[in-house]
2 protein chains.
Amino acid sequence: MSTLTLPPQATPAGLAVDIAAFAMHQGELQVLLVERGTLPHARTWALPGGFVQLNEELHEAALRELRTETTVELEPRLLEQFYTFGAVDRDPRGRIVSVAHMAVLPHGTVSVTGGGNTLGAGWFPAHQPPPLAFDHAEILAHAIERLQVRLEYANLALEFLPETFTLPELQGVHEAILNRKLDKRNFRKRLLAQGVLATSGERRSGVGRPAQLYRRAGRLRLVGNL
Amino acid sequence: MSTLTLPPQATPAGLAVDIAAFAMHQGELQVLLVERGTLPHARTWALPGGFVQLNEELHEAALRELRTETTVELEPRLLEQFYTFGAVDRDPRGRIVSVAHMAVLPHGTVSVTGGGNTLGAGWFPAHQPPPLAFDHAEILAHAIERLQVRLEYANLALEFLPETFTLPELQGVHEAILNRKLDKRNFRKRLLAQGVLATSGERRSGVGRPAQLYRRAGRLRLVGNL
DNA sequence: TCAAAAGTGTTTTAACTACACCCATGG
DNA sequence: CCATGGGTGTAGTTAAAACACTTTTGA
């Protein structure tokens, strides 16, 4: 597992992945964090992540770390590498380069428990995270930025919701990601004009007037590269 | 230089950088390639690149490789990491992960010669490159995509030009990067409305009517991260 | 005076913003 | 009947696209 035929001029560095995994809970954008159980930064919250194995692809490593460090029940709906953090001094253990990924976990992904070397796992407000280990605060900030960019031209918000959903729910996802309020009428106009939503006939009961249910009319998203 | 205190679970991989360095020549977007002198892919054209040293930042490694593999006279005006290519089988020597960078070399960067392990270096049409080693064709394609995106909201095209330039020259840079023709009147309107150009008084003589010279009125670009 | 390249305006269209009231339901 | 949340339309503004002729210079 550890034998390697690198050329002599290659100075091996530690290769890691970190994952900023997002979900919506209580109408808020939340990020999945783990409490580190080992040094450095023991008992500090961090993004889930770990070292890449020699025979696995980067996004496979990200998925594996998500699954072993936190018990999330569902498959991520989107997993995308967004930047590689490689500052010489970012990890006191030596030169460790982290390929940072952004993941979207679908609706229903709620209970998370620690696993592997972590003391625990939990959801935290993505826009106001607790103090984080290493350079993970920076990584998280960039992940949110990328999430906001993706929101525009992929219809990424759908990934946060169950198969059928109402327009106010969808608007809530957009607002939580962008961290600002949107105009109801303009939002509906824009989304419906895209033609990617189909009405799903039924209605969902609540406190006030029932809302029209929609489902996606279009394509799927891929987990993978670029 | 090669001693490292990585934790035991870290499986060291080779860490490399590759650079897609662009410049404008003869009104065409060109990319800097080197002819490999060593196996694998000896005598094949490739993006300049190489292994990152343990004590250097990723963008420093990219600059160093640019300088040692190709003799380029000038500093790049922009150097930006854009994606990390880490497929298990992308390099026959073993697991080597490449943090790909995009660079813009300013006007005047013309003569390039090989250096280091390369047999030679030269400029090639970026949109129609020769066959490339490893996964470098894919890397180059993504670099061009990123260049096109950056063109919009950074005024990146200025980086390809000397300090003073004419609007037709600037339009030519945009057209070469986007690989399509633009409308002269709309281009001028849009660029001048941005207010980042200042007239530079003088005029440059040529075949037809002389053109107004401009210079940037605004900010500088940084070499570095994000 | 001709060739060659620079320069210049208007109209149409699409997209985004701001903004206030009525509707359907459950309690 | 009232509280709660869902649903609807218009007018103004801004940004982009299409489109053809005149001006300045050197040869």
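Everything numeric here is computed off the predicted structure, so don't read it as measured data. Order of the sequence lines sets the chain letters (A, B, ...), proteins ahead of strands, with each chain counted from 1.
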Ion pair check, R216(B) and E159(B), cut-off under 4.0 Å | yes
Is it true that R180(A) and E175(A) make a salt bridge, defined as a side-chain N closer than 4.0 Å to a carboxylate O?
-> no
Close aromatic pair by centroid cut-off 6.0 Å: H41(A) and F134(A) | yes
Which whole-number value in Å describes the distance from L213(B) CG to dA6(C) P?
-> 12 Å
With a 4.5 Å limit on heavy-atom distance, are the side chains of L170(B) and H174(B) in contact?
-> yes
Any side-chain heavy-atom pair from E65(B) and T68(B) closer than 4.5 angstrom?
-> yes
Distance, rounded to the nearest Å, where F187(A) contributes CZ and dG7(D) contributes P | 12 Å
Tell me: CG of L192(B) to P of dA6(C), nearest whole Å?
-> 14 Å
Below 4.0 angstrom, N of the basic side chain to O of the carboxylate: do R36(B) and E69(B) qualify?
-> no
Which residues satisfy the side chain to side chain donor-acceptor pair (under 3.5 Å) test with R215(B), sequence neighbours excluded?
-> E163(B), S200(B)
Nucleotides 18-27 of chain C: protein proximity per nucleotide (B base, S sugar-phosphate only, - neither; heavy atom, under 4.0 Å) = BBB--BBBS-
Rounding to a whole Å, what distance do you find between R190(A):CZ and dA14(C):C1'?
-> 15 Å
In residues 161-178 of chain B, what residues come within less than 4.0 Å of DNA chain D, judged by heavy atoms?
-> none
Is R188(A) near enough to dG7(D) that one of its side-chain N or O atoms lies under 4.0 angstrom from OP1 or OP2?
-> yes
With side chains defined as the heavy atoms from C-beta onward, is the minimum distance between R90(B) and S98(B) less than 4.5 Å?
-> yes
Please report, rounded to the nearest Å, how far the P atom of dT8(D) is from the CG atom of L191(A).
-> 14 Å
